[in-house]
Amino acid sequence: MADKQRLLSGIKPTGRLHIGNYFGAMRQFVELQDKYTSYIFIADYHALTSVQNAESLQELILNTAIDYLAVGLNPKKVVLFKQSDVPQHTELAWIFNCITTMPYLQRSHVFKDAQAKNKEIDVGTFVYPMLMAADILLYSPDVVPVGADQKQHIEYARDTAQKFNNIFGETFKLPKEYTPKDSATIPGVDGQKMSKSYNNTIPLFGSRDDVEKAVMGIVTDSGGDFPQHVYAIHKLYKSEDELKNVYDDNKGNYKALKEALIADVEEVARPLREKREELTKDKAYVLSVLKEGGKIAREIAEEKMKEIREKIGVTLQ
Ligand code: ADP
Ligand code: TRP
């Protein structure tokens, strides 16, 4: 039988997960874990640009590992690891820094946004796409499931692979993103993209109260019978056919529609929350999953790095 195709993705441990992370990215990891050989990691070195407190970072990393397991990643099928446990990522990122120009990185949305806001940008954020390219290219994945906001980063990885291949000879497979159309950009309670940074999220593992508060806060325009922002989120939980009756029966009754949404969100959230609570009690298990995953990831990454070091000429024969 032919080898299974490979999948790789990562999430930064920077805060509480929201339903945008779940529908935009994590759910795909879970759905695809049988079909692909999967490498899923916690991008802790990427988080260092914004989390600069040891205690907080430790807590965020552990919580992200628990989140991954709670949504259904099976460590028997998926290699789950911490980026910082595989130093080959930062090693390769340096090599990429050396073949990449400043103007090329200045075209990134992240850089342009920071510039537009007159914010001083740290060097780590500036070269973020190079570390991400290294994360990806070390494992030669066939697909990289991410939300639409990460598309540009995947393009950086593809361009960088191509540039390296041109200079040093064929080494990297060009990666492709995997973004399901219906969940590429999940809107937040204000209709903008849902994001930790915009304070417009519905927490994935939130209590019923948290969910209720968030859903009741969904912005509804006063005219019309149909609360668009409520519907846009509701569509993630029920098919449009199923929703048609609910929305027809409750025309103009925003409160009833929001209550229906709360019930549907809660139905998905409850089992995830329960699984999460169980895992929280077993830190030793979670740490052992990361340790084992790190070991496997390091072996794969080191094999690729050997080839790369030879190609660039730092290995003496
Ligand atoms: P945030 O914007 O909340 O900081 P992250 O940057 O940590 O989220 O994103 C983690 C993953 O979740 C990425 O793959 C990203 O594309 C995806 N994601 C985040 N927000 C959304 C959203 N609103 N819709 C779809 N995918 C999303
Ligand atoms: N940049 C991604 C985010 O903000 C996280 C990430 C880091 C990632 N390295 C990656 C995602 C490699 C996919 C593949 O969510």
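Keep in mind that what you see is a predicted model, and the values were worked out from it rather than measured.
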- Query: Does one side chain, of Thr14 or Lys196, offer a donor that lies under 3.5 Å from an acceptor on the other?
  - Reply: yes
- Message: Could you work out, with side chain to side chain contact (heavy atoms under 4.5 Å, CB included) as the rule, every residue matching Asn200, not counting sequence neighbours?
- Response: Val189, Asp190, Gln192, Met194, Tyr198
- Under the ring-ring contact (aromatic ring centres under 6.0 Å, His included) test, which residues partner Tyr156, sequence neighbours left out? Tyr104
- Identify whether the distance between the nearest side-chain nitrogen and carboxylate oxygen of Glu302 and Arg309 falls below 4.0 Å. yes
- Is a salt bridge present between Asp210 and Arg273, judged by a nitrogen-to-oxygen distance below 4.0 Å? no
- Task: Could you tell me if the ring centre of Tyr237 sits under 6.0 Å from that of Phe23?
- Result: yes
- Message: List the residues meeting ring-ring contact (aromatic ring centres under 6.0 Å, His included) with Phe168, not counting sequence neighbours, and say none if there are none.
- Response: Phe164
- Among Phe81, Phe41, Phe172, which one satisfies ring-ring contact (aromatic ring centres under 6.0 Å, His included) with Tyr139? Phe81
- side-chain hydrogen bond (donor to acceptor under 3.5 Å, both in side chains) contacts in which one or both residues fall within residues 65-75, not counting sequence neighbours: Asp67-Arg276
- Give a yes or no answer on whether the side chain of Gln152 reaches the backbone of Arg107 with a donor-acceptor pair at less than 3.5 Å. yes
- Test item: Arg158 side-chain N/O and Pro175 main-chain N/O as donor-acceptor pair under 3.5 Å: yes
- Go through the structure and list residues passing ring-ring contact (aromatic ring centres under 6.0 Å, His included) with Tyr178, not counting sequence neighbours. none
- Is Tyr231 close to Leu243 at the side-chain level, that is, under 4.5 Å between some pair of heavy atoms? yes
- For Gly24, does its backbone N or O pair with a side-chain atom of Gln28 as donor and acceptor, under 3.5 Å? yes
- Is any side-chain heavy atom of Met132 less than 4.5 Å from a side-chain heavy atom of Gln83? no
- Task: Only counting residues at least two apart or in another chain, list the ones meeting ring-ring contact (aromatic ring centres under 6.0 Å, His included) with Tyr128.
- Result: His46, His153
